[in-house]
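In what follows, a single structure is set out as structure tokens and then discussed.
Numbers restart at 1 for each chain; the letters A, B, ... are given by sequence-line order, proteins then strands.
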Amino acid sequence: MSKNIQAIRGMNDILPEKILYWQHLENTMRRILNAYGYQEIRTPIMEKTELFQRSIGEVTDIVEKEMYSFNDRNGDSLTLRPEGTASCVRASIENGLFNQTQRLWYMGPMFRHERPQKGRYRQFHQIGVEAYGLQEADIEAEMIFMTARLWRALGLKDLALQINSLGSAAARAAYRDTLVSYFSAHPQPLDEDSQRRLHTNPLRILDSKNPEMQPLIAAAPRLLEHLDSDSLTHFEQLQQLLTAAGISFQINPRLVRGLDYYNRTVFEWVTTALGAQGTVCAGGRYDGLAEQIGGKPMPGVGFAMGLERLVALLEEQENPNLPDPNPHAYLLMAGDKSLQTGLLLAEQLRDALPNLRLLSHCGGGSFKSQFKKADKSGAYLGLILGEEEVLQGRIAVKYLREDKPQESLLQTELAAFLAAYFKLC
RNA sequence: GUGAACGUAGCUCAGUCGGUAGAGCGCAGGAUUGUGAUUCCUGUGGUCGUGGGUUCGAUCCCCAUCGUUCACCCCA
């Protein structure tokens, strides 16, 4: 067994059995993005390592220990992208997209070397959405409306929206210092994780799950009280827009996000149905990022959703409302000339009915074994072409899922029959 | 990176208190002429994750390794 070569740990094959969920999710989101005027962008899955170091932040977990980095043959350090925002900003700078506002989206695999567990894999997939050049909270609201629309379209309930504001970069940095001195003044009760976070991401300490830390956290200075007034106004505007749209949300002062580039708005859609990995979609504003990467200052807002996690939610649903993958008809062929007649007939049907799902039997065999395959394929009708039918220019139609007697049609009538029966156009 | 549980046929699992293994489903064929799904019959299936150790002998014990799962950490 293990003599065989296996897939890389944490990197999964998505098999035909599951692909319907993926396609449904992707198609639904594509449709919605299109309706809001967002355009797709495709960037390489590898970038120079420096791009991620500069955008995500040197001391974040992602950069410090989770990136798939290696040296190219010419010595450049390259990295499989751990997220999409940095590439998207880079591509926009490089191709001059920042001359006007942009609404972009992308979809694809991301890579992070973490220990796999439910809802967390080393190659995972995201749909990411970014908007550039927009300063007001209306764009954040639009994005949240869009995600809420997706949940509705997919029938996903039990997703809760949490929002927070980190303030301006300056306010956030000042608050960070305040927090560090607060926690440094009480070093005793800080657990090991929090000690580390003190240097990496002190805001993260507020999110600790350790019960012993709670009293200390409760007494800590509050981020919302340290917001600059512009950010506060911005945050209030967002809340107002959400309320007006009837989208309920929760302000979570502990919501800080792990990547360094966020300022002002951050938000997450969370669920309790997926165990420890409850965040299904998350994002925020990153006004300083473009400059950090070397472009001109350009406000940005974006979010990303984890496709594996959403697929897991869809799979738990009772009525996922997936498109029917079963063939409409299965063509059985046996006897002299039936193969040639049958395959030609199949092509004519496909010409006439582009939406027909028709499976032609291949590989010969008795009618009996062909019927077994027809049944197994899930097809609704068996189209039977034997010697007799070939001679008479007819075809037999057997209902495989209904208790109705078999019929015999002229081959020339078949397309019209199928169109009517399946309401195809 | 840390901790725990697990790894037997394509799938879901049983089993051997250490003497090289079974079931169900699946798959293939059949039950008189060109008809599936039901029923019946037959067949196909695994060096028991891999490597090493203990032993006369290990799939079962021990160690390592790879993988899976869940949690911590972190994140989508």
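G378(A) comes within 4.0 angstrom of nothing in the nucleic acid, heavy atoms only. Within 4.0 Å of I384(A), counting heavy atoms only, lies at least one base atom of the nucleic acid. E66(A) comes within contact range of the sugar-phosphate backbone alone, with a heavy-atom separation under 4.0 Å but no base atom that close. Using a 4.0 Å heavy-atom distance criterion, A374(A) is classed as making no nucleic acid contact. Using a 4.0 Å heavy-atom criterion, one finds that Q406(A) contacts the bases of the nucleic acid, with or without backbone contacts as well. Among the heavy atoms of the strands lying under 4.0 Å from G275(A) are primed sugar atoms or P, OP1, OP2 only; no base atom is included. Among the heavy atoms of the strands lying under 4.0 Å from Y121(A) is at least one base atom, whether or not backbone atoms are also near. Using a 4.0 Å heavy-atom distance criterion, K118(A) is classed as a sugar-phosphate-only contact.
When the C1' atom is compared between rC25(B) and rU44(B), the two are found 14 Å apart, to the nearest whole Å. rU8(B) and rC60(B): their P atoms are spaced 13 Å apart (whole Å). Distance noted for atom C1' between rG26(B) and rA64(B): 36 Å (whole Å). As rounded to the nearest Å, rC62(B) and rA5(B) have P atoms that lie 12 Å from one another. Spacing of P atoms, rA9(B) relative to rG49(B), comes out at 8 Å, to the nearest Å. Taking the C1' atom of each, rG19(B) and rC48(B) are spaced 15 Å apart, rounded to whole Å. Between the C1' atoms of rU2(B) and rC73(B), the separation comes to 8 Å (whole Å). Between rG46(B) and rC27(B), the distance separating the two C1' atoms is 15 Å to the nearest Å.
Ranking rC74(B), rG36(B), rA76(B) by closeness to the D375(A) side chain, first place goes to rG36(B). Nearest to the side-chain atoms of T279(A) among the listed nucleotides rC72(B), rG36(B), rC75(B) stands rC75(B). Across rA28(B), rC75(B), rG36(B), the shortest atom-to-atom separation from the side chain of K373(A) is found for rA28(B). Out of rC74(B), rG34(B), rG36(B), the shortest distance to the side chain of E388(A) is found at rG34(B). When distances run from any side-chain atom of R115(A) to the nucleotides rC73(B), rG34(B), rA4(B), the shortest one goes to rA4(B). Considering only side-chain atoms of E389(A), the nucleotide from rU35(B), rC74(B), rG34(B) that sits closest is rG34(B). You'll find that the side chain of Q117(A) is closest to rA71(B), out of rC74(B), rA71(B), rG67(B).
At a cut-off of 3.5 angstrom, counting only N and O atoms as typed in the model, there is no donor on one side facing an acceptor on the other between the side-chain of Q370(A) and the base of rU35(B). Side-chain atoms of R120(A) come within donor-acceptor range of the base of rC73(B), with a qualifying N/O pair under 3.5 Å. Looking at K368(A), its side chain has no donor and acceptor atom pair within 3.5 Å of the base of rU35(B).
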Test side-chain hydrogen bond (donor to acceptor under 3.5 Å, both in side chains) on T147(A) and W269(A); report intermediate values, then the result.
CA-CA 9 Å; T147(A) 52; W269(A) 286 96; 2.9 Å; yes
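Separating the CE atom of M333(A) from the P atom of rU35(B) is a distance of 17 Å, rounded to the nearest angstrom. Atom-to-atom, CD of E192(A) to P of rC74(B) comes out at 12 Å; the value is rounded to the nearest Å. What separates NZ of K376(A) from P of rU35(B) is a distance of 18 Å, to the nearest Å. The distance from atom CG of L203(A) to atom P of rC74(B) is 13 Å, rounded to the nearest whole Å.
The closest side-chain donor-acceptor pair between R149(A) and Y36(A) falls under 3.5 angstrom.
Y380(A) has its ring centre no less than 6.0 Å from the ring centre of Y399(A). For Y38(A) and Y106(A), the gap between ring centers reaches or exceeds 6.0 Å.
Figure legend. rU33(B) is base-paired to no nucleotide; pairs are counted as Watson-Crick or G-U wobble with both atom distances under 3.5 Å. In this structure, rU20(B) makes no Watson-Crick or G-U wobble pair, since no nucleotide meets both defining distances under 3.5 angstrom. When both distances must be under 3.5 Å, the Watson-Crick or G-U wobble mate of rG7(B) is rC66(B). For rC27(B), the paired base is rG43(B) (Watson-Crick or G-U wobble, both distances below 3.5 Å). Nucleotide rC61(B) forms a pair with rG53(B), judged by Watson-Crick or G-U wobble geometry with both contacts under 3.5 Å. Using N1 to N3 plus N6-O4 or O6-N4 for Watson-Crick, or N1-O2 and O6-N3 for G-U wobble, each under 3.5 Å, rG1(B) pairs with rC72(B).
Checking each of I139(A), V266(A), L166(A) against R285(A) for a side-chain contact (heavy atoms from CB on, under 4.5 Å) leaves exactly one that passes, namely I139(A).
Side chain of Q292(A) to backbone of R54(A): a donor-acceptor contact under 3.5 angstrom is found. At distances below 3.5 Å, at least one donor-acceptor pair connects side-chain atoms of T271(A) with backbone N or O atoms of A273(A).
Heavy-atom minimum distance, A148(A) versus I247(A): CB-CD1, 4.0 Å.
By the stacking rule of 5.5 Å between ring centres and under 30° between planes, F367(A) stacks on the base of rG34(B).
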